[in-house]
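Okay, so here's the structure we're looking at.
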Amino acid sequence: MEDGEIGIEEESSPSSTIPHFRVFDEMELLEFKDKYVIRAVNSPNRGFSANRFEGDIQPLTSDDVLGSPDKTTKICGVVGTIQLVAGTYILVITSSKEVGKYHGFPVFRVESIKYLACNQALMKLGAQEKKDEAYFRNLLRVVESTPGLYYSYETDITVNLQRRLKLAEGWMSSPIWKQADPRFVWNRALLDDLIECKLDEFIMPLVQGSFQTAELKLKDAPVTVTLISRRCTRRLGTRMWRRGANLEGDAANFIETEQLLESKDFKSSFLQYGDEGKLSNAYAAEMEKLPSVRYVPFRFHTVCGNSNFDKLHLLYDEILGDFGNQGYFLVDSEGRVLEEQKGVIRSNCIDCLDRTNVSQSYLARKSLDFQLQRVGIFSLEDAISTCHEEFDKYKILWVEQGDELSLEYTGTHALKRDLVRYGKRTFAGFITDGMSAVSRYYLNNFQDGVRQDAIDLISGHYSVGRNNPSPFQLNAFESLSYLPVASALLIGGLTLTSFSLNQVGRNAQQFMSSVLWAGASAGVMALVKANGRQFCSRPRLCGLI
């Protein structure tokens, strides 16, 4: 690409010759004593610099690269910038891995992120400001290990196939960040400085969710099945601290999942939505007021028990008419729309995880059968479940998708993954689920508060300001209010009580010690019971609503 082309190239996908925008895919980071410089390797006059004292971002000039940098590093992309107490921090992608293609364009998974501190003003801060800055930097370290981030240098991956084909002609020639659906851009709050400086070729929208793809051969016809899940950022959070809906109606953990089928002559997609919601009579009553919505309660554990996945056909039979009427989206190789998806099944459950994944994988499989029959690869009697080896590959897509979303939301693998993989519960699955349940309990209580703060900070739900009161100024009780402290006191008290009781027979004076330690243990237990949430790792930056 020549310097004057401003990131526009002819689309490499064989299905189209429309020009498309391209973000620089080879960048280098130059570290000077007074600034950072990020520039394109193949167009070294394109880039920007950041003052290391406060982090002012400026488009690259020839003066910025005078002299020799202390260090030069290849990077994969720029995540964005964020303002903390002492200055600006720049987040960059230091490694990534290609995981497949979306409409012919390579898609990459972020493997590692690094933040660059432009905070040399730190020495001028007060004591409390320095403590706040240290906590915020710890949150950035949590952000560095964020799982499930995906991007493409050549196309937007936030918009599903049906919406893509309805957008105005020339849409793909605009900068990728302008093409993107802001609901699914994980780093949208970090892009303002880059947008203001018109650094479009460095602005790369990231999607958090899952991207899985498999090459299948069905009835001698090669097809590609891609599964892409997009997490909405409006109410993003952890399993413990983001539940229900906010006052704007945004549901926790809302996810759009698109199953894309590509063959020689056709493309089709099937959309489903999932989110966390407490199913209740009140919820059902509200749904009844919506003329275009049909609410179908389904008690998964009551109907399916612990092992009978096949009974999901009862749910499918109940919604079969609506399922068929909603359909799927289908387009031929010439771009002619043959079918449109007219509605979406939205699965709500307490966690939008395990049962949602099982149910959605079942419905997606049914839709896939209809699509393959429609394009002539399958007869009306055929189903992917009869193509045993290829069916295993297909099921693995959903297993991996469920695991990835669960890791993002809870920190553990999904439960009931053996139901999706094998269609039944297995002994190994029960053991794995038990271990995951224990891990979830630990993470919910000891780590999710900090993780939630990191999410709120990076998604823009909390903004740092020098004039804002510190969110971390805690009273003496709160500063120690974590369950491990209480647990240690309780275990210590019970141990000493037991020890002193064993000594009572030898020394009557030990009886009073036993009473004292037993009383102290009972007091700690009462304190924990009365102030349970105070002992958890709680988010400090944003409220629960």
Side-chain angles (χ1 to χ4, degrees), residues 9-21 100-107 150 152 154-174 176 179-181 183-184 207 209 211-230 256-273 322-345 360 363-380 382-384 390 394 397 401:
E9 288 191 353
E10 291 298 309
E11 186 173 341
S12 58
S13 174
S15 62
S16 176
T17 58
I18 300 173
H20 72 279
F21 193 91
K101 286 183 168 58
Y102 188 64
H103 301 299
F105 300 106
V107 173
Y150 295 88
S152 174
E154 301 180 64
T155 192
D156 167 61
I157 62 173
T158 67
V159 177
N160 60 66
L161 177 62
Q162 184 161 325
R163 287 188 60 201
R164 285 171 76 97
L165 294 188
K166 289 190 174 184
L167 293 169
E169 187 175 350
W171 163 73
M172 290 188 65
S173 63
S174 62
I176 291 179
Q179 303 174 25
D181 185 336
R183 295 179 301 163
F184 303 122
V207 172
F211 186 92
Q212 311 293 331
T213 187
E215 303 287 337
L216 308 180
K217 195 167 186 178
L218 303 172
K219 299 289 183 178
D220 295 324
V223 301
T224 301
V225 177
T226 300
L227 198 60
I228 178 168
S229 295
R230 308 170 177 102
E256 177 185 87
T257 295
E258 178 182 19
Q259 179 177 272
L260 185 69
L261 172 68
E262 297 174 273
S263 63
K264 179 182 178 182
D265 299 315
F266 301 94
K267 279 186 183 181
S268 61
S269 77
F270 175 65
L271 282 182
Q272 295 186 80
Y273 294 155
D322 294 309
F323 187 75
N325 291 335
Q326 289 178 359
Y328 48 85
F329 184 73
L330 178 66
V331 61
D332 66 16
S333 57
E334 301 298 321
R336 291 188 294 264
V337 176
L338 305 179
E339 304 279 355
E340 290 194 37
Q341 185 169 342
K342 304 177 183 66
V344 179
I345 292 177
Q360 288 191 341
L363 297 177
R365 188 218 315 170
K366 293 294 185 180
S367 180
L368 184 63
D369 288 338
F370 288 144
Q371 295 165 43
L372 290 167
Q373 291 166 7
R374 173 66 173 80
V375 301
I377 294 176
F378 276 179
S379 68
L380 294 178
D382 290 328
I384 191 172
E390 305 307 285
Y394 174 75
L397 292 180
Q401 180 251 20

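Here, residue 1 is the first one in the sequence, and each next residue gets the next number.
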Derivation of the side chain to side chain contact (heavy atoms under 4.5 Å, CB included) call for D265 and D332: CA-CA 6 Å; D265 299 315; D332 66 16; over 6 Å; no
So which atom in [X] and which in [Y] form the shortest heavy-atom distance, rounded to 0.1 Å?
X	Y	value
Q373	L380	NE2-O, 3.6 Å
Q401	L227	CB-CD2, 3.8 Å
Q360	Y273	NE2-O, 3.1 Å
Y102	I157	CD2-CG2, 3.9 Å
V223	I377	CG1-CD1, 3.7 Å

Please lay out, stage by stage, how T257 and I228 fare under the test side chain to side chain contact (heavy atoms under 4.5 Å, CB included). CA-CA 6 Å; T257 295; I228 178 168; over 6 Å; no
Hey, what's the ring geometry for F270 with F323, parallel, tilted or perpendicular (30° and 60° as the breaks)?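 Taking F323 first and then F270, their aromatic rings stand perpendicular (interplane angle over 60°).
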Pairwise distance [atom1]([X]) to [atom2]([Y]) - rounded to 0.5 angstrom:
X	Y	atom1	atom2	answer
F266	L338	CZ	CG	6.5 Å
F21	S173	CZ	OG	9.5 Å
E154	I176	CD	CD1	8.0 Å
H103	D156	NE2	CG	9.5 Å
E256	R183	CD	CZ	6.0 Å
Y328	L161	OH	CG	13.5 Å

Heavy-atom check, side chain of Q259 versus side chain of Y394, under 4.5 Å: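 Yes; the side chains approach each other to less than 4.5 Å.
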Side chain to side chain, T226 and E258, heavy atoms closer than 4.5 Å: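 Side chain of T226 against side chain of E258, heavy atoms only: no contact under 4.5 Å found.
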Are T155 and R164 close enough that a side-chain donor and a side-chain acceptor fall under 3.5 Å?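 Distance-only check passes for T155 and R164.
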Just one of L372, T224, L261, I384 clears the side-chain contact (heavy atoms from CB on, under 4.5 Å) bar with L216, so which one?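 Only one option passes, and that is I384.
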Only one of V375, L260, L330 forms a side-chain contact (heavy atoms from CB on, under 4.5 Å) with S268, so which one is it?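 With S268 as partner, side-chain contact (heavy atoms from CB on, under 4.5 Å) holds for just one option, L330.
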Between T213 and V225, does a side chain to side chain contact (heavy atoms under 4.5 Å, CB included) hold up when you go through it step by step? CA-CA 6 Å; T213 187; V225 177; over 6 Å; no
